[in-house]
There are 2 protein chains.
Amino acid sequence: MEYYSEYPKFLISTDCIIFGFDNGKLQLLIRKRDFDPGRDLWSLLGGFVNSTESIDAAAKRILKKLTGLTHIYMQQVGAFGNIHRDPGQRVISVCYYALIKVGDYDERLQHKYNAVWVPIDELPPLFSDHSQMVEKARDMMQQKFAHEPVGFNLLPENFTLTQLQQLYEAVYGTIIDKRNFRKRVNEMKYIENTGVIDKTTSKRGAVLYRFNNTIYKQQQNFKL
Amino acid sequence: MEYYSEYPKFLISTDCIIFGFDNGKLQLLIRKRDFDPGRDLWSLLGGFVNSTESIDAAAKRILKKLTGLTHIYMQQVGAFGNIHRDPGQRVISVCYYALIKVGDYDERLQHKYNAVWVPIDELPPLFSDHSQMVEKARDMMQQKFAHEPVGFNLLPENFTLTQLQQLYEAVYGTIIDKRNFRKRVNEMKYIENTGVIDKTTSKRGAVLYRFNNTIYKQQQNFKL
DNA sequence: TCAAAAGTGTTAATAGTACACCCATGA
DNA sequence: TCATGGGTGTACTATTAACACTTTTGA
C-alpha cells in the first residue's frame, strides 16, 4: 500500500505552552535550551512525534515527561510549518496549550529540564516561532475562558472567590468589579460552596468553592 | 546540521474545506475520489506538502489548482494526526478552510476534479476523518463571523442587504429579523451604500452595498 | 485598635429582541 | 392589478456596568 511514495516526509514535533496561575499572575513554563539548535535560548517545552502515536498522544507523553502530570487539560493551537522555522532542519511543529495546577507540578523536574515559571507578560524572546505560538495560544485560551469553565484546571481543587476572580483578571488582563463578579458566580450552580473556610489568604477567612463537573454537564444538556 | 536523525518522518497533506454561498445556502466543494485509497468515496480536496514550501503555501497552491483562484481567504483549522486516519499509510493532515465567491470559481475545474458543490447540511459521509474536519471548520468559521467581517469573501463585490442577511442566516442556522439586521448594518460604516440599484433580485430593485476595508481598518485602530 | 481581605444590593445605561405595514415595479 | 421582494421605527426586555460600606480577625 504505497500510494504516496513520491512525496517528501517531515519531522514532526509538538511544542507545549504550559499555563499556570501563581502569585496572581498567569505564568508559562519555559526552559533554557542546553542543546542545539538554539542552545542557551529560551524556548517552549517540546519533543518529537513517534511513528507509533497520534500527535495528541505525543503531546500528552511530552507533558507527562516534563511536568510529571497526566490528565492534563490540553488544546491544540495549530500547526506551524514555515520552511526555516527550525534552523537545524525542516521541522513542522504542532503546538498545544495546557492548563495545569502549579501546586501539582513536580518541582524536581524544573532542574532536570532547566525549566522556570515566567509571568506571561514578562517573557523573554523565545526560540524560533515560539513567541507566535504563545500569542495564538493566549488568544485561543481567552476565547475558551469566555465560553467554557476551564479555569478550574489552573486552580487548586478548592479555591476562594477572590482567587477565581484574580484568575479571570489575569486571563483577560482587566480588572473586574467584585460584586458583579460574585453575582455572576452565584448564578453558576456548578461552582459550589464547600462550606469550608480557608484562613491562609486572610485573617477573617474566605469560603472555599469547588467546581462540580456533574452539575455543569447536566446544565449543558438543558441547553440543547 | 543533523541533530534529529533518530526521529521518524511523516507525509504531510493539507485538506481544504472550501465554503461557498449560493442559493441561500452555505455550500462545500467536495470531490468523488477517482484514486486510492478511498476510491469512489466523497472527500475534501487536498494534496501533499512539498519540501520547498510552507504548509500555508501548500494550501494556497492546492486551492489555486482546484479552484483557479488566488488571494483566497483562508484559515488553518488544525492538524489531524491519528495513526490510522489514512488507510493507505500514515499521513498527517493540516486542514484549512477557505471562503470563496462561488461566481469566481472556474466551473471547468468541476469536471477535471470530479468536484461538486453540496449544501453543508446535506453532505454525504466523507472519507477518513474529513467529516470531523468539516465540523471543526464550521465551528471556527462561525466564531470568525461573530467577531470579524469575513462574510464578504463569500459574496460578490456588490451585494444587497437581503443577500448579506441570508448569508448570516445560513452561517448561524437561524433566522434574523430584517429590521434589526439592517439597523445593525447601518451602524457598520464599512458596509457602504454604492448608490447602485440592482434589479436582478426583485422588480423594485435593491440597493447594492460593498465592503470598504479601509474604513474597517481605520475603525479597528480606534479600538486600541 | 487597626490593617487587610471578605462579603454584600441597588440603580443606571446599554444592548438586544419583538413586532407590522407601506413601497416600487414588472409581468 | 397584483405578486414579489425592498424598505422602515418604536416599545419592551434583558444584560451589563457603576458604585461604597460593613464584617471579621490576627497581629
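Small disclaimer: the values here were computed from a predicted structure and weren't measured. Per chain, numbering begins at 1; letters A, B, ... match sequence-line order.
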Residues of residues 187-209 of chain B with a heavy atom under 4.0 Å from any atom of DNA chain C, listed by number, are B:Lys199, B:Lys203, B:Arg204

Does the Lys NZ or Arg CZ of A:Arg85 fall within the cation-pi geometry relative to A:Phe80 - under 6.0 Å from the ring centre and within 45° of the axis? no

Got A:Gln220 and A:Tyr190 here, is their nearest side-chain heavy-atom distance under 4.5 Å? no

Can we call the ring centroids of A:Phe152 and A:Phe159 under 6.0 Å apart? yes

For residues 13-24 of chain B, run the donor-acceptor check on the side chains, cut-off 3.5 Å, and write out each pair with its distance to 0.1 Å, sequence neighbours left out.
| residue | atom | partner | partner atom | Å |
| --- | --- | --- | --- | --- |
| B:Ser13 | OG | B:Ser93 | OG | 3.4 |
| B:Asp15 | OD2 | B:Ser93 | OG | 2.7 |

In whole angstroms, the gap separating P of D:dT16 from CD1 of A:Ile176 amounts to 13 Å

What pairs with B:Lys101 under side chain to side chain donor-acceptor pair (under 3.5 Å), at least two apart in sequence or on another chain? none

Donor-acceptor side-chain pairing of A:Asp56 and A:Ser54 below 3.5 angstrom: no

Side-chain donor/acceptor pairs under 3.5 Å, residues 60-67 of chain B, sequence neighbours excluded:
| residue | atom | partner | partner atom | Å |
| --- | --- | --- | --- | --- |
| B:Arg61 | NE | B:Glu53 | OE1 | 2.9 |
| B:Arg61 | NE | B:Glu53 | OE2 | 3.3 |
| B:Arg61 | NH2 | B:Phe48 | O | 2.8 |
| B:Arg61 | NH2 | B:Glu53 | OE2 | 2.6 |
| B:Thr67 | OG1 | B:Leu63 | O | 2.6 |
| B:Thr67 | OG1 | B:Leu69 | N | 3.1 |

Begin from the C-alpha positions of A:Asp129 and A:Lys136 and carry the test salt bridge (Lys or Arg N to Asp or Glu O under 4.0 Å) through to its verdict. CA-CA 11 Å; A:Asp129 51 6; A:Lys136 189 169 175 199; over 6 Å; no

Going by number, which of residues 156-173 of chain A have a non-hydrogen atom under 4.0 Å from DNA chain C? A:Thr162

In whole angstroms, the gap separating P of D:dC19 from NZ of A:Lys183 amounts to 14 Å

Tell me, with the steps shown, if A:Ile30 and A:Leu123 meet side chain to side chain contact (heavy atoms under 4.5 Å, CB included). CA-CA 9 Å; A:Ile30 59 174; A:Leu123 285 179; 4.2 Å; yes

Between A:Arg184 and A:Arg179, whichever has its closest DNA chain D nucleotide further toward 5' is A:Arg184

May I have the distance from A:Ile175 (atom CD1) to D:dC19 (atom P), rounded to whole angstrom? 11 Å

Is the shortest heavy-atom distance from the side chain of A:Tyr73 to the side chain of A:Val150 under 4.5 Å? yes

Nearest-0.5 Å distance that lies between atom CE in A:Met140 and atom CE in B:Met140: 6.5 Å

Would you kindly give the CG-to-C1' distance between A:Asn180 and D:dA20, to the nearest whole Å? 13 Å

Where does the chain B footprint on DNA chain C start and end, counting 5' to 3' with a 4.0 Å heavy-atom cut-off? C:dT17 to C:dG26

How long is the line joining CG of B:Asp177 and C1' of D:dT13, in whole Å? 15 Å

